[in-house]
Amino acid sequence: MTAVLTKQTLTIRPLSDVMGAEVIGADLARPLDDATFRTIHHAFIDAGVLVLRDQRLTPEQHVAFSKRFGPLSIHIKDEFLYPGVPEILILSNRKHPDGRPMGFEDAGRYWHSDMSYVEEPPLGSLLHGVEIPPAGGDTLFCNMYLAYETLPAATKARIANLRARHSFVASFEGKTKASATRGTLTEEQKRKLTDAIHPVVRTHPETGRKALYVNPGFTFKMEGMAEAEGQVLLEELFAHATQERFQYRHRWKPFDLVFWDNRCAMHHATTYDTHYIRHMQRTTVKGDRPV
Ligand code: SIN
């Protein structure tokens with residue numbers, strides 16, 4: 001039998017003055033008709049962070065909805081992929097019965113744009129809050145269009161043609177010591193990872209707006225600049241971009257599906273009381289080479 005696609009009636013409400021909107025009334029477990037999909041897509045591009053409330057999705061439905069936006073990436077940490085659904089990366093403090101971690105427990109506890117260390121970083125990520133602790137574990141987002149637009153004119157001129165180097169290995173190995181649960185990178189995983197060099201200011205391919213594209217998580221070097229001078233400039237840009245006035249704080253409710261645009265937003269996971277479970281499942285939609 002062919003599925004009948006009916007237009008869903010959606011309400012879209014801004015979540016802050018800075019970025020973010022919530023969609024009420026969508027049921028992503030049902031196949032989406034094109035008009036409903038276009039409304040969601042438009043709201044995503046407009047808001048930078050889109051919160052779809054109360055989505056009771058199976059991993060397969062999560063993947064099917066994500067694929068409407070493009071092909072999906074498979075994360076390098078293959079021990080944390082959902083069994084049988086490798087497009088889903090598990091971020092969780094839940095353990096397997098034998099005590100092994102089920103997911104990346106402390107993923108993203110620093111400002112970053114997902115996988116900026118690849119040549120064609122993902123356009124967006126869709127994180128499903130399957131189990132949420134009673135307090136904490138919020139996700140912070142910052143608006144990188146605003147970060148760029150509010151830079152002093154002299155800084156804009158200075159960074160206009162600069163490029164910076166991004167790396168997962170440099171970042172992971174620096175942060176590994178902080179966490180016993182994330183394991184180490186195998187030689188095979190390291191071999192698959194190369195650094196990427198991207199413009200410091202990128203133009204969003206769908207809105208045409210310029211956004212700052214460096215992040216404390218993975219950007220570690222300005223190309224063509226003395227090491228110390230590059231570090232000072234990077235630190236200055238990070239401090240500017242992560243000011244509270246550019247941030248939206250997402251306080252999770254169970255079954256929120258949060259879809260963020262990595263091309264114009266950074267995000268940062270926060271801590272929580274690990275006596276409680278925080279179990280999240282993420283898909284990651286492939287994107288273009290930043291220009
Ligand atoms: C991430 O994808 O970086 C993690 C975000 C979160 O767990 O809040």
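Just so you know, ligand 1 is whichever comes first in the structure, and atom 1 is the first atom listed for that ligand. These figures come from a predicted structure and were not determined experimentally.
For the residue pair His275 / Asp273, a side-chain donor-acceptor distance below 3.5 Å is found, with atom types taken as modelled. Side-chain contact, His268 with Thr242: no donor N or O sits under 3.5 Å from an acceptor N or O. Judged purely by distance below 3.5 Å, without hydrogens or angles, the side chains of Ser73 and Thr284 never pair a donor atom with an acceptor atom.
In this structure, His268 falls outside the shell of residues with a heavy atom less than 4.0 angstrom from ligand 1. Assignment of His250 to the shell around ligand 1 is not supported, since no heavy atom sits closer than 4.0 Å.
Residue Arg278 has at least one heavy-atom neighbour below 4.0 Å for each of these atoms of ligand 1: 6 (C), 7 (O), 8 (O). Under a 4.0 Å criterion applied to the non-hydrogen atoms of Gly108, ligand 1 contributes the atoms 3 (O). Listed by number with element, the atoms of ligand 1 under 4.0 angstrom from any heavy atom of Trp260 are 2 (O). Each of the following atoms of ligand 1 lies closer than 4.0 Å to a heavy atom of Ala269: 5 (C), 6 (C), 7 (O), 8 (O). Close contacts of ligand 1 with His112, meaning ligand atoms under 4.0 Å from a residue heavy atom, involve 3 (O).
Shortest contact from atom 4 (C) of ligand 1 to any protein heavy atom: Leu91 CD1, 3.6 Å. When only non-hydrogen protein atoms are considered, atom 8 (O) of ligand 1 lies nearest to Thr139 OG1, 2.6 Å. At the top of the distance list for atom 1 (C) of ligand 1, counting protein heavy atoms only, stands His267 NE2, 3.5 Å.
Below 3.5 Å of separation, one finds no N or O of Asp138 facing any N or O of ligand 1. At under 3.5 Å, a nitrogen or oxygen of Arg282, whether backbone or side chain, sits near a nitrogen or oxygen of ligand 1.
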field: Residue pair Glu229, Arg158: steps toward the salt bridge (Lys or Arg N to Asp or Glu O under 4.0 Å) verdict
entry: CA-CA 12 Å; Glu229 187 189 359; Arg158 186 173 178 211; 3.3 Å; yes

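For the side-chain hydrogen bond (donor to acceptor under 3.5 Å, both in side chains) with Asp256, the lone residue among His250, Gln55, His128 that qualifies is His250.
With a 4.0 Å heavy-atom cut-off, ligand 1 is reached by the side chain of Leu127 but not by its N, CA, C or O. With a 4.0 Å cut-off on non-hydrogen atoms, Phe141 does not touch ligand 1 at all.
Atom OG of Ser92 is separated from atom CD of Glu105 by 8.0 Å, given to the nearest 0.5 angstrom.
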Could you list the donor-acceptor pairs under 3.5 angstrom formed between side-chain atoms of residues 118-126 and any protein atom two or more places apart in sequence or on another chain?
| unit_1 | atom_1 | unit_2 | atom_2 | d |
| --- | --- | --- | --- | --- |
| Glu119 | OE1 | Arg289 | NH1 | 2.9 |
| Ser125 | OG | Asp114 | OD2 | 2.6 |
| Ser125 | OG | Asn262 | ND2 | 3.2 |

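For the pair Glu149 and Arg209, the salt-bridge criterion is met [side-chain N within less than 4.0 Å of a carboxylate O].
In this structure, Lys210 fails the cation-pi test against Tyr145, since its NZ or CZ atom is not both closer than 6.0 Å to the six-membered ring centre and inside 45 degrees of the ring normal.
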